[in-house]
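Here is the structure we will look at.
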Protein chains: 2
Amino acid sequence: MKGFDFEEERIKQEITKLGAKRVLLQLPEGLKPEAPKIAKTIEKTGAIPIISIDPCYGACDLAFCEAEGLDVDLIVHFGHAKMVKHEKVPTIYVEARATAPVEAAILQAIRLLANYTKIGFATSVQHLQTLDEARDILTREGKIVVIGDSGQIAYPGQVSGCNYSNAKSIADDVEAFLFVGGGMFHALGIALSTAKPTVIADPYDNRAFLVNEQAAKILKQRFANIQEAKTAKTFGVVVGLKPGQKHLDTALIVKEKAEKNGKVAYLLAGREIAPEVLLEFPTIVAYVNTACPRISLEATSKFSKPVITVSEFMVVLGEVSWESLLKKGLFEN
Amino acid sequence: MKGFDFEEERIKQEITKLGAKRVLLQLPEGLKPEAPKIAKTIEKTGAIPIISIDPCYGACDLAFCEAEGLDVDLIVHFGHAKMVKHEKVPTIYVEARATAPVEAAILQAIRLLANYTKIGFATSVQHLQTLDEARDILTREGKIVVIGDSGQIAYPGQVSGCNYSNAKSIADDVEAFLFVGGGMFHALGIALSTAKPTVIADPYDNRAFLVNEQAAKILKQRFANIQEAKTAKTFGVVVGLKPGQKHLDTALIVKEKAEKNGKVAYLLAGREIAPEVLLEFPTIVAYVNTACPRISLEATSKFSKPVITVSEFMVVLGEVSWESLLKKGLFEN
């Protein structure tokens, strides 16, 4: 796979430095096809590489249990920046920086940003190295560029699937956001967190587009889900089992709150919170998801019952208003 | 759910005896709808019940990692008999014995067994309590009943998804097998392990039928898969991550054998070995599955590439003949 830096030399050096004998490779779906080639490179160090075939959506999803079960002494995690504070098994992050040029896509995006002067810039970890170039292009075109640094995520200007603190920290100072990266996923997160016009500059497809219509559609679905959950008497409170998604204490609080409000609540725990696994509980009417908030926010139409976030559950109980939830942003679980 | 004994009194007693504070409930798909009711019963002991929503296919699949991550001090595993020797987290097994009467289905099965006198009896753990009744009915109808006891599985007469040692131990002494239980899954296993006529007496649907046609179809598919794998140069060797399915040492041997035979081989590890996860590796041409053999044997048509068992790989390498594999039975991984 061309277009990404897999840092194979650094990986070999780290393996040698740590004296690792068994190495587990974790790659997100888009990068998995590259795993066999990387494994062959690792074999040259004398270590045994094992490729994890399980789904992997973020740096929240570190395969510690799997590594321990296979006597692995090093995890190489690709495609995401460090997120958890402490790794149970030594872990190195290979962020898989993209080599795609971004100028053409940014120039297209600037046309969509014609009415705005103060632009917040954000990007996924794959394109962080384009930050200076993006700032230069935007400045040259007469924009004032603001880059958020909340201190709550690995890099200034970075957004991840569930962390938009950098964008939120500058939302009041900008008129619109420019996101450099592929797909709608991260840009939608910015729009949902900040309610600002958000334009994607996609360097893979060399095109630019606004995501706010799609974000508005998601908000409508969320509102409908909350309304539906208000009528539910029986809740499942879902605890995620991935290391960065495990919030059992929150789930226990949610259960207690539900019961104080006359609801029946069950604790459920799972690795992949997919529509088909929730279908197994016909007596449960709505779910509160304490794991990855993106599951609730974007897979809505795939679930046959409401799957709401913890913040949304506070709206269900009347403890928080829908308006103040929107203001706070949808990603605070 | 009527029709199964969930032993709720015993569960409560065990929780009290152990002083368990947090209990993880694991149920296979068919029994999961009952989980909320059982959870409410457990709450009466003061313990906190957490329902695992992850797929669970057998007693090979014990949620030790999940339990440790949730500080659970007892797993209650439903629907399967003990299989692993040592549990990392205290575990009790609730076999969920079925209460469905079996006589009508057995009488129907006897018609299909008209040409045979010596009958091997086998059943899944749900129906083990019908063993004496089944023997009486068969004897009354003039059959000689043989019940296997290999010592390699929890109960005499029992078969599980991957263990047919009881059936195999008596295969030479009987003309046909009678299996009491629902679905084709276990009876197919008997037919594939013993090559004997095998009749299901299904107490849920009150009907009986032979499974050997279906077994022959599977054998044809297996043969075709082996032939296809013979042309492959690049293999993925899959290690299962479920406690009773983890055979890394076997996988290492398979990889070495593959390489000695001029093949390229990669170690892969995963929890759910599903068609979609294997699609992520376009350069791999065939897979050797060291985890659950049923994945290879029955989901064949769902996989786009051959997924063969370890024994089948020996046929691919020419170390074992197809005929001797059939004789040994398809479940020896």
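These numbers come from a predicted model, not from an experiment. Chain letters run A, B, ... following the sequence lines, proteins first, then strands; residues in each count from 1.
Heavy atoms of A:E272 lying under 4.5 Å from chain B belong exclusively to its backbone. Interface remark: A:P49 contributes backbone atoms only to the contact with chain B (heavy atom separation under 4.5 Å). When heavy atoms are compared at a cutoff of 4.5 Å, B:L27 does not approach chain A at all. Within the 4.5 angstrom heavy-atom criterion, only side-chain atoms of A:T283, from C-beta onward, approach chain B. Contact annotation for A:L25: neither backbone nor side-chain heavy atoms come within less than 4.5 Å of a heavy atom of chain B. In this structure, no portion of B:L279 lies under 4.5 Å from any heavy atom of chain A.
Contacts with chain B (heavy atom to heavy atom, under 4.5 Å) involve these residues of residues 237-246 of chain A, listed by number: A:V238, A:V239, A:L241, A:K246.
Atoms OH and CD1, on B:Y266 and A:I53 in that order, are 15.5 Å from each other to the nearest 0.5 Å. With values rounded to the nearest 0.5 angstrom, A:C65 atom SG is found 7.0 Å from B:R271 atom CZ.
Interface summary for chain B: among A:G69, A:G270, A:A269, A:A39, the most heavy-atom pairs under 4.5 angstrom belong to A:A269.
Contact of the B:L267 side chain with the A:R22 side chain is not registered, since no non-hydrogen atoms from C-beta on lie closer than 4.5 Å.
For the residue pair B:L70 and A:L248, the shortest heavy atom distance occurs at O-CD2, 3.8 Å. Here the closest heavy-atom approach between residue A:V264 and residue B:K40 is recorded as CG1-CE, 3.6 Å. Shown here for B:I50 and A:L268, the closest heavy-atom pair between the two residues is CG2-C, 4.2 Å. The nearest pair of heavy atoms linking B:F281 to A:K32 is CE2-O, 3.5 Å.
Looking at B:K255 and A:E43, a side-chain N of the basic residue comes within less than 4.0 Å of a carboxylate O on the acidic one, giving a salt bridge.
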